[in-house]
Amino acid sequence: MLLRWLKFNTVGLIGIGVQLAALALYSGLLHIHYLVATAMAVETAVLHNYAWHELWTWRDRRSPGDGCRAIAWRLLRFHLGNGLVSILSNLLLMRFFVGSAGMKVMPANLLSIAITAVANFLIGEFFVFRRTAPSDRSDS
């Protein structure tokens, strides 16, 4: 579990860079409202993180017989779990930190990300990449 936690956080740290770069692009260069830009940046990071969690963090939970259907179901669970939690918490926290507390967008986004990290790991471990019975792994 400790090794998985370290892998999760490594992917997460890179994902933070992806999210901040996307937020800078969407809000800074493209001048999209900070809440819309936040949702778009989170989604960009969610897709990035899912790919790395699938290939590295929870690689041992995959089966050689996993096909497109199994991967698509994990992606859907990732979006329903980690993605939904990340987007909702980031939007609510950003609204509070930027809109009410007057923080700058980037530090507020870093704080929002940190607050949801533990919840996202637990969702990944016990919902998205949960151990499945061999009969649950079929691609038919």
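Residue pairs satisfying the salt bridge (charged side-chain N to carboxylate O under 4.0 Å, His left out) criterion with at least one member in residues 4-22, sequence neighbours excluded, are listed as follows: R4-D60, R4-E125. Residue pairs meeting the side chain to side chain donor-acceptor pair (under 3.5 Å) criterion with at least one member in residues 27-43, sequence neighbours excluded: E43-H79.
Within the model, atoms OG1 of T44 and CG of N49 stand 10.5 Å from one another, a figure rounded to the nearest 0.5 Å. Considering CG of L23 and CG of L29, their distance stands at 11.5 Å, rounded to 0.5 Å. Here CD1 of I115 is found 11.0 Å from CG of L92. Values are rounded to the nearest 0.5 Å. In this structure, OG1 in T116 is found 11.0 Å from CG in L88, a value given to the nearest 0.5 Å. Interatomic distance, CG of N82 versus CG of L122, reported as 10.0 Å (0.5 Å rounding).
Two different hydrophobic clusters hold L20 and I32 under the rule that ILVMFWY side chains link at heavy-atom gaps under 4.5 Å. I16 and M40 are members of different hydrophobic clusters when ILVMFWY side chains are connected at heavy-atom separations under 4.5 Å. No continuous path of ILVMFWY side-chain contacts below 4.5 Å connects L110 to Y26, so the two sit in separate hydrophobic clusters. V18 and V11 fall into different hydrophobic clusters, defined by Ile, Leu, Val, Met, Phe, Trp and Tyr side-chain heavy atoms under 4.5 Å apart, directly or through other members. F78 and F126 end up in the same hydrophobic cluster when Ile, Leu, Val, Met, Phe, Trp and Tyr side chains are linked at under 4.5 Å.
Shown here for L35 and L91, the closest heavy-atom pair between the two residues is O-CD2, 3.2 Å.
Between I71 and L75 there is no side-chain heavy-atom pair separated by less than 4.5 Å. Taking the side chain as every heavy atom from C-beta outward, I123 and R77 never approach each other to under 4.5 Å. D66 is listed as a side-chain neighbour of R74, based on a closest heavy-atom distance under 4.5 Å.
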Pairs of donor and acceptor atoms involving the side chains of residues 94-109, under 3.5 Å and at least two apart or interchain, shall be tabulated with distances.
from, atom 1, to, atom 2, distance (Å)
N109, OD1, Q19, NE2, 3.1
N109, ND2, N90, OD1, 3.3

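Listed for the R62 side chain is no donor-acceptor partner under 3.5 Å among the backbone atoms of R59.
In summary, of the residues considered (W56, W58, F8), a ring-ring contact (aromatic ring centres under 6.0 Å, His included) with F129 occurs for W58 alone.
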